[in-house]
Amino acid sequence: MKIRLLYLSIVLIISLSCSEKQITIYTIGDSTMANKKAEVYPETGWGQVFGSFLKANIIVSNHAVNGRSTKSFIDEGRWQAVLDSIQPGDYVFIQFGHNDQKKYDSTRYTTPFGTYTKNLRKFITESREKGATPVLLTSIIRRKFDESGKLIDTHGDYPEATRNVADEYSVPLIDLQKLTASLIEPMGDETSKKMYLWTAPTEKYPDGRKDDTHLNEEGALVVASLVIKELKHSEIPLARFIK
């Protein structure tokens, strides 16, 4: 009887310690996901607020950086720094595309079905080798309307390349391009400004800001909530750690 009680106690302790194990979500990407300094408020990356939707034993380690593409993120050693930190059971959320399309900059430009695809494959295979679960995300939509009130796609083939890699490697995909387009287009040209970095003139910004790429705090929270909603409806075990 005593041996049985001891065994049950050990099992309970192990179960509790496993359930309380901290899991880290590493987010890698560009400025739409990145943490922002206080002086540029209300500019906010959705990765900056993502952790507020998750339970305390989930850590969001946001490595997204303004202006980075898959190429520059790797070349600058940023991916290696993430890779060195990954532990089994962690997650890697991957969202690039905004800067990969910049043909004028050889330090960032990648071809959608060539170097961009190759870099996504690298993130996926190396994450899995470390025991982590990669998750791919397409870029959030830019706020650009035509005269008829339809959103204009500005990301070319990069979202489709991301979808193809997700299918090829059976990686969970959160299609933020489609999700944000479905949200922004019905708002229309004027109302949708409330999601992006449109601000009145201030001493720091005497002309105000009219930015159709980056999010304000409200927009970041909405985009983060879209990611959370997709996680809830996925088969990713991480879903059980949503508040």
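Since we're looking at a predicted model, the values are computed, not measured.
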Decide whether [X] and [Y] are clustered together by the hydrophobic rule: side chain heavy atoms of Ile, Leu, Val, Met, Phe, Trp, Tyr closer than 4.5 Å, transitively.
X	Y	result
I140	F93	yes
I228	L215	yes
Y158	Y169	yes

- Residue of the set V49, N216, N35 for which side-chain contact (heavy atoms from CB on, under 4.5 Å) holds with T44: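 Result: among V49, N216, N35, V49 is the only option passing the side-chain contact (heavy atoms from CB on, under 4.5 Å) with T44.
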- Query: Quick one: which of M187, K193, K210 gives a side-chain contact (heavy atoms from CB on, under 4.5 Å) with R143?
  - Reply: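 The side-chain contact (heavy atoms from CB on, under 4.5 Å) with R143 is passed solely by K193 among M187, K193, K210.
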Would you say that [X] contacts [Y] through its side chain, given a criterion of any heavy-atom pair below 4.5 Å between the two side chains?
X	Y	answer
P42	L197	yes
D157	F113	yes
M195	I184	yes
W46	L137	yes
I25	L54	yes
V60	Y91	no
T154	I141	no
Y109	D100	no

Measure across [X] and [Y] and return the closest heavy-atom pair with its distance rounded to 0.1 Å.
X	Y	result
Q95	D30	NE2-OD1, 3.4 Å
T138	P159	CG2-O, 3.7 Å
R78	E76	NE-OE1, 2.6 Å
G97	S139	CA-OG, 3.7 Å
I124	P134	CG2-CG, 3.9 Å
K122	T125	O-OG1, 3.3 Å

- Message: Could you check whether any side-chain N or O of R68 sits under 3.5 Å from a backbone N or O of G29, counting only pairs where one atom can act as donor and the other as acceptor?
- Response: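 No, because the side chain of R68 does not come within donor-acceptor range (under 3.5 Å) of the backbone of G29.
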- Are the side chain of R108 and the backbone of F73 linked by a donor-acceptor contact shorter than 3.5 Å?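 No; judged by distance alone, with no hydrogens or angles, the pair does not exist.
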Should [X] and [Y] count as an ion pair when the cut-off is N to O under 4.0 Å?
X	Y	result
D175	R163	yes
D146	K150	no
R121	E168	yes

Rounded at 0.5 Å granularity, tell me how far [atom1] in [X] sits from [atom2] in [Y].
X	Y	atom1	atom2	result
E185	T180	CD	OG1	11.0 Å
T199	D211	OG1	CG	9.0 Å
I152	E147	CD1	CD	9.0 Å
I242	K55	CD1	NZ	9.0 Å

- Will you find, in the side chains of S31 and N66, an N or O donor that is under 3.5 Å from an N or O acceptor?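 No donor-acceptor contact under 3.5 Å links the two side chains.
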- In terms of side-chain heavy atoms, does T70 have a donor or acceptor partner in N119 at a distance below 3.5 Å?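 On atom types as modelled, these side chains qualify, holding a pair under 3.5 Å.
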- Message: Among W79, F123, Y116, exactly one meets ring pair (Phe, Tyr, Trp, His ring centres under 6.0 Å) together with F96. Which residue is that?
- Response: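 With F96 as partner, W79, F123, Y116 yield a single ring pair (Phe, Tyr, Trp, His ring centres under 6.0 Å), made by F123.
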- Kindly determine whether L231 and I174 satisfy side chain to side chain contact (heavy atoms under 4.5 Å, CB included), including the steps that lead there. CA-CA 8 Å; L231 288 174; I174 298 176; 4.2 Å; yes
- Query: Is the NZ atom of K243 crowded by more than 12 outside heavy atoms at less than 6.0 Å?
  - Reply: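 Check passes, neighbour count above 12.
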- Please lay out, stage by stage, how D212 and R142 fare under the test side chain to side chain contact (heavy atoms under 4.5 Å, CB included). CA-CA 6 Å; D212 294 319; R142 287 191 178 97; 5.5 Å; no
